Amino acid sequence: DVQLVESGGDLVQPGGSLRLSCAASGFTVISNYMSWVRQAPGKGLEWVSIIYSDNFIYYGDSVKGRFTISRDTSKNTLYLQMDSLRPEDTAVYYCARGGGNIMPSDYWGRGTLVTVSS
Amino acid sequence: DIQMTQSPSSLSASVGDRVIITCRASQGISNSLAWYQQKPGKAPKLLLFAASSLHSGAPSRFSGGGSGTYYTLTISSLQPEDFATYYCHQYYSSPPWTFGQGTKVEIK
């Protein structure tokens, strides 16, 4: 069965950094497009970033230059390095298999909460 | 960026009702349109993709339609487990890919 489990969410001060992890099972992250999507408390969904199987990477304008998506094939894990965090980055962060302009993300993790506050 | 506008923002309906949610894109998206269902505290679940293709495991009472800039999600007979928030999502062409603001379906 496909499973995605995020971790790493925490309370962090503005300007701080955090690294989120997403452990995948039932498929390999290297062979799939992988995405991060976030949801601010009580708000809708916002696409954050995608890494293609051929290593093309894209970011949303609100996180470009501050967030970095990557993956570790030996651990079958997706990461999101978040630097220069702002209060408006407060959200539940979901990792998802797939995404891009061919097929939407079909399986999502349960999410991890990032709170940016002093 | 392509803006997605869902309507209504919320609705109240009874079990057995037929429910229609609409989604309008700010430009044509060539059926690159998905629908997700999200329950409180849970991850979104994919229901439909390519505007009208049912995702594996999604109940057949869910159907999608539309073209160009206008799309619909229809629940033919609302079931108790369908009370949730629904999001449309465009994945046309280049990023950023965007979501509608959501439609909350509540029990009447």
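These numbers were taken from a predicted model, which means no experiment stands behind them. Proteins get letters first, then strands, A, B, ... in listed order; numbering begins at 1 in each.
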#### Entry: Main-chain N/O of A/Y79 paired with A/W36 side-chain donor or acceptor, under 3.5 Å
yes
#### Entry: Under 4.5 Å from a heavy atom of chain B, the part of A/V37 involved
side chain
### Message
Could you check whether any side-chain heavy atom of B/S67 comes within less than 4.5 Å of a side-chain heavy atom of B/N31, counting everything from C-beta outward?
### Response
yes
### Query
Between A/S62 and A/R38, does any side-chain donor sit less than 3.5 Å from a side-chain acceptor?
yes
### Message
Between A/R97 and A/D106 (salt bridge meaning N to carboxylate O under 4.0 Å), is one present in this structure?
### Response
yes
### Task
Answer yes or no: does atom CG of A/D54 have more than 12 heavy-atom neighbours from other residues, nucleotides or ligands under 6.0 Å?
yes
## Note on the structure
Checking heavy-atom separations under 4.5 Å from chain A, one finds in residues 95-108 of chain B B/P95, B/P96, B/W97, B/F99
### Query
Where do B/R24 and B/T22 land on the side-chain contact (heavy atoms from CB on, under 4.5 Å) test, with the steps shown first?
CA-CA 7 Å; B/R24 190 177 296 274; B/T22 66; over 6 Å; no
### Query
Where is the tightest heavy-atom contact between A/L78 and A/C95, given as atom of each residue plus distance?
CD2-CB, 4.0 Å
### Task
Please check if A/V5 and A/Y93 belong to a single hydrophobic cluster, counting links between Ile, Leu, Val, Met, Phe, Trp and Tyr side chain heavy atoms closer than 4.5 Å.
no
### Summary
Only one of A/N76, A/I51, A/T77 passes side-chain contact (heavy atoms from CB on, under 4.5 Å) with A/V29, and that residue is A/N76
#### Entry: Interface residues of residues 2-19 of chain B facing chain A - non-hydrogen atoms under 4.5 Å apart
none
### Task
For A/L18 and A/V12, work out which heavy atoms get closest and say how close.
CD2-CG1, 4.5 Å
### Side-chain donor or acceptor of A/T90 paired with backbone N/O of A/V116 under 3.5 Å
yes
#### Entry: Region of A/S105 that comes under 4.5 Å of a non-hydrogen atom in chain B
both
### Query
Does the ring centre of A/Y107 sit less than 6.0 Å away from the ring centre of A/F27?
no
### Query
Which residues in residues 70-94 of chain B have any heavy atom lying under 4.5 Å from a heavy atom of chain A?
B/Y87, B/H89, B/Y91, B/Y92, B/S93
### For chain A, which residues of residues 32-48 of chain B have heavy atoms nearer than 4.5 angstrom
B/A34, B/Y36, B/Q38, B/K42, B/A43, B/P44, B/L46
### Query
At their closest point, which heavy atom of A/Y59 faces which heavy atom of A/F67, and how far apart are they?
CE2-O, 3.3 Å
### Message
Are A/I69 and A/Y33 linked, directly or through intermediate hydrophobic residues, by side-chain heavy-atom contacts shorter than 4.5 Å (ILVMFWY only)?
### Response
no
#### Entry: Closest heavy-atom pair and its distance - A/Q81, A/S17
NE2-CB, 4.0 Å
### Toward chain B, the part of A/L4 with a non-hydrogen atom under 4.5 Å
neither
### Query
With distance as the sole criterion, is a donor-acceptor pair present between the side chains of A/R71 and A/N32 under 3.5 Å?
no
### Query
Is any NZ, NE, NH1 or NH2 atom of the basic residue among A/K64 and A/D61 found under 4.0 Å from an Asp or Glu carboxylate oxygen of the other?
yes
### Task
Count the heavy atoms belonging to other residues, nucleotides or ligands that lie under 6.0 Å from CZ of A/R110, then report whether that count exceeds 12.
no
